[in-house]
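Just so it is clear, the values below take in all heavy atoms, side chains as well, and ignore hydrogens, waters and symmetry mates. We're numbering straight along the sequence, starting at 1.
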Amino acid sequence: MPQKDPRVDAYIARAGEFARPILTRIRELVHAACPAATETIKWSSPFFEHHGILLATPAFKRHCALIFWKSKLLFSDLPVKENPTKGLRRLFSVAELPSDKILAGYIRKAAKLNEAGVKAPARAKAKTKQPAVVPDYFLAALRKNQPALAAFEKFSPSCKREYVEWIVDAKHAETRARRLKTALEWIAQGRARNWKYEKC
């Protein structure tokens, strides 16, 4: 007997008309291919679990997605051109899903990976950005404005980089000079480059 969650029923009922048959078909195939799978709602979307997360099926305004949690491992033996991950991320109709046999095979394989305790590969760490190189003319201007210099030295590397990039990216000398003047005023007040929109 499939272990169904009434919240998933409610989610499908609220989804767009185009999405309901997609979500229903995936749900049926999950329970047919992996009868022990359970349902839940995470991050406001249906998730299917068996010894860990198998897959998620979020629905959006114009498309659905079928997201296998360990897709990199699941499809690692397929040539790049045959990897279905990208196609499964934007489903506009039930006809775009793979056949029942193929999809059930993916689900069974995902379940076996979880049963075996295979972990998804760790995400690559973001490259550490180098500290901003402050141009000589910018440094000279800061040294003539002690409040600005003191505040600039307290800024985080990302705040410093935003100012440097903004000034250096100016195409004309007049624009650069204008930006430098504005920057010194804002920095002296302890404001980040994008202070109007965010806190730094």
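Interatomic distance, SG of C159 versus CD1 of I187, reported as 10.0 Å (0.5 Å rounding). A distance of 10.0 Å separates CG in L29 from CG in L66, rounded to the nearest 0.5 Å. Note that CG of L103 is 10.0 Å distant from CZ of R108, once rounded to the nearest 0.5 Å. Rounding to the nearest 0.5 Å places SG of C34 at 15.5 Å from NZ of K109. Expressed to the nearest 0.5 Å, how far CD1 of I167 lies from CZ of R193 amounts to 9.0 Å. To the nearest 0.5 Å, the span separating CG on L184 from CZ on R179 amounts to 14.0 Å.
F68 has its ring centre no less than 6.0 Å from the ring centre of F48. Between F138 and Y163, the ring center distance fails the sub-6.0 Å criterion.
Side-chain contact between V134 and F152 is present, with heavy atoms from C-beta onward closer than 4.5 Å. R90 is not listed as a side-chain neighbour of R62, based on a closest heavy-atom distance of 4.5 Å or more. Side-chain contact between I53 and K70: absent, with no pair of heavy atoms (C-beta onward) separated by less than 4.5 Å. Between I67 and T57 there is no side-chain heavy-atom pair separated by less than 4.5 Å. Looking only at side-chain heavy atoms (C-beta outward), K4 and H31 come within less than 4.5 Å of each other. Residues P147 and N145 are in side-chain contact: their nearest non-hydrogen atoms beyond the backbone lie under 4.5 Å apart.
The shortest heavy-atom contact between V164 and V133 is CG1-O, 3.5 Å. Of all non-hydrogen atoms in A170 and R176, the two that sit nearest each other are O-NH2, 3.2 Å. Closest of all the heavy-atom pairs between F18 and H63 is CZ-N, 3.2 Å. Nearest heavy-atom pair across I107 and A33 is CG2-CB, 3.8 Å. The two atoms that bring Y11 and A59 nearest to each other are OH-N, 2.8 Å, heavy atoms only. The two atoms that bring L88 and P98 nearest to each other are CD2-CD, 3.8 Å, heavy atoms only.
By the rule that hydrophobic residues join a cluster once side-chain heavy atoms approach within less than 4.5 Å of another member, V94 and F92 end up as members of separate clusters. One hydrophobic cluster, built from ILVMFWY side chains closer than 4.5 Å, holds both W166 and L139. By the rule that hydrophobic residues join a cluster once side-chain heavy atoms approach within less than 4.5 Å of another member, L55 and L97 end up as members of one cluster. Under the 4.5 Å side-chain heavy-atom criterion for Ile, Leu, Val, Met, Phe, Trp and Tyr, I12 and I26 are members of distinct hydrophobic clusters. Under a hydrophobic-cluster definition in which Ile, Leu, Val, Met, Phe, Trp and Tyr are linked whenever side-chain heavy atoms come within less than 4.5 Å, directly or via other members, L142 and Y137 are assigned to the same cluster.
Without hydrogens or angle criteria, R20 side chain to A15 main chain gives a donor-acceptor distance under 3.5 Å. A donor-acceptor pair under 3.5 Å is absent between the side-chain atoms of D5 and the main chain of I41, judged by distance alone. A side-chain donor-acceptor contact under 3.5 Å links T182 to the backbone of R178.
Heavy atoms from other residues, nucleotides or ligands lying under 6.0 Å from CG of D136 number 12 at most.
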Practice problem: Just do the salt bridge (Lys or Arg N to Asp or Glu O under 4.0 Å) check on E49 and K42 with the steps written out, would you? | Solution: CA-CA 11 Å; E49 299 179 328; K42 293 178 185 281; 3.3 Å; yes

Quiz item: Can you list the steps and then say if D9 with R14 is a salt bridge (Lys or Arg N to Asp or Glu O under 4.0 Å)?
Solution: CA-CA 9 Å; D9 290 310; R14 287 193 310 270; over 6 Å; no

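Side-chain atoms of R7 and T40 form a donor-acceptor pair, as typed in the model, at a separation below 3.5 Å.
Using the six-membered ring where Trp is involved, Y106 and F75 have ring planes that are perpendicular, over 60° apart on the 30 and 60° scheme.
Sorted by first then second residue, the side chain to side chain donor-acceptor pair (under 3.5 Å) pairs that include residues 93-102, not counting sequence neighbours, are R25-D100.
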